[in-house]
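In each ligand, atom 1 is the first atom listed, and ligand 1 is the first ligand listed.
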Amino acid sequence: MSIVASRCCDRTAAAMQSLAATQPRAQPAQLAGRPASRAAQATGISCRRAAASSPRQRQQGGASLPPPPPAAASVLRSKRAARCQAAADSDIIDVEGKVIDDRVPVTVITGFLGSGKTTLLNSILKREHGRRIAVIENEFGEIDIDSDLVSVEEALDPSKEQIMMLNNGCLCCTVRDDLVDMLNKLYDRRDQFDRIVIETTGLAQPAPIIQTFFLEPKVADRMKLDGVVTLVDAKHVELHLDEEKPEGVVNEAMEQIAYADRIILNKTDLVEPADLERLEDRIAAINSMAQIKRAQKAEVPIDYVLGVGGFDLEKVEDDVLAEEEHHSHAHSHSHDHEHSHSHSHSHDHDHECSGSNCTHESHSHDHSHSHSHASSSSESEHECSGAGCSHHSHKHGHSHQHHDDAVSSVSISIEGDMDLDKVNYWLGGLMEVKSNDLYRMKGVLAIKDFPARFVFQGVHMLFEGMPDREWKEGEKRVSKMVFIGKELDRQLIEEGFRECLVK
Ligand SMILES: Nc1nc2c(ncn2[C@@H]2O[C@H](COP(=O)(O)OP(=O)(O)OP(=O)(O)O)[C@@H](O)[C@H]2O)c(=O)[nH]1
């Protein structure tokens, strides 16, 4: 694994306009191969997991901007070989040469105040699922931590040797070091548990917690972030999402949804089915990659929250495909609406997508009851189907709800080979310029002259990627990317990505 961690963006230069440009620059962002089991199988190279989780690897260049890449295809190969050597001595490899990932999986439970986090945690701890769980409970100063503690303590069964640690501070801003300490202390008792669950405060911003698992070498070497599970209070979430925040102040509720791998739409007993549909649309517009499940008392199958693999490169394709399915479902959902309202809808962009060159604007399906038929008022018309369509800002909302959520998902799908140097340059620029506002991204790329697909995922300035399986004979070489972030300029992102195509 390669992680580019330029935490601070010194170079805001040229802003977003520069992203569409394509000349390689001196220090592009890095797309480098991660030696992982599937890649190793595909290439015959057997080496180990996450090179970036090795402190030594980090010193060797994972944590700073990498040198300029040589010719496209050789970047992946040479980096992969280097990483094999770098990681070899500390890694466990099975008899077939496959890497065994022995790190402790960690689940982060987040969600706004009162959304049901403790209810979920208690439910996880009480159920028989055969996993021994250590819990880290984080609470914020003013909140009554004692009552929460009691409820969690009651759920702990001494015979299962569950462990709980309490951190009385805010993980997101002041005590990430505390989290590191706690994780490392917990690790000393590694034989007593199989996985760790962290319940965050309702006001937590997930990013620093997530980043801890990639940026802190010791933690990254010992633990693996399995997934971010976000509880959403169906009754109150819109209140929080709609809350106007002063400039520069984050909307925690929106961020918690944006970073999620799994969303539990909880307290469904308190709202009407129509409210749930509307909420699901709004949540999906913010984060189109996360699965959403409705629940009461946070009751969901255990596999929905544990063993998610939300940051696994091996699962990137599933997530990207899930996003596409979600999109097409949302389309049909929106069309259902259309019919039930007897063609009285105004879509911002009434379109269907097909062909490799479709590049349409935000799919904001505005189900307004007061407008006439969509086609008459649409700004652009296109069709949408097939790999070549690039979808953006999947905002499937209703006219009575907000359309100006600052956080949204942008997905692009383009057929054809990408020029690696250009992708390096463009993606590096995007990460630099958007840094704090680019929350999560995942993608599968077709790189020219490279027989394997390249998969990547990222959080802010953290980026990891690796060659995946080889393209199959006759398979369409399609590159897909999904970005979740704040005030993403869909058009600029798409133009930049399209410019990376081999001419
Ligand atoms: N009606 C209803 N109440 C629920 C549901 N799930 C949880 N609750 C209740 O909502 C309240 C808050 O739930 P918690 O699990 O404590 O929520 P939390 O997110 O941990 O709360 P904080 O720690 O304050 O952020 C409790 O009284 C729960 O019993 C649900 O599905 N329906």
Please say whether [X] places an N or O atom under 3.5 Å from an N or O atom belonging to ligand 1.
X      : answer
Thr268 : no
Gly114 : yes
Ala298 : no
Gln296 : no

Output the list of atoms in ligand 1 that are nearer than 4.0 Å to some heavy atom of [X], sorted by atom number.
X      : answer
Thr119 : 7 (C), 13 (O), 14 (P), 15 (O), 28 (C)
Asp269 : 1 (N), 2 (C), 30 (C), 31 (O), 32 (N)
Glu199 : 20 (O)
Leu270 : 1 (N)
Leu113 : 25 (O)

(message) Tell me whether Lys117 contacts the main-chain N or O of Phe112 through its side chain, where contact means a donor paired with an acceptor under 3.5 Å.
(response)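 The answer is yes, because a donor-acceptor pair under 3.5 Å joins these two groups.
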(message) Among residues at least two apart in sequence or on other chains, which ones pass side-chain contact (heavy atoms from CB on, under 4.5 Å) with His236?
(response) Asp233, His240
(request) Would you check if there is a donor-acceptor pair between the side chains of Asn184 and Arg222 at a distance under 3.5 Å? (result) yes
(request) Could you name each residue pair satisfying ring-ring contact (aromatic ring centres under 6.0 Å, His included) that touches residues 265-288, not counting sequence neighbours? (result)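 Listed once each, the pairs would be none.
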(request) Taking the six-membered ring of Phe193 (Phe, Tyr or Trp), confirm whether the NZ or CZ of Arg131 is under 6.0 Å from its centre and within 45° of its axis. (result) no
(message) If you apply the rule ring pair (Phe, Tyr, Trp, His ring centres under 6.0 Å), what do you find for Tyr439 with Phe483, and how did you get there?
(response) CA-CA 8 Å; Tyr439 296 173; Phe483 299 93; over 10 Å; no
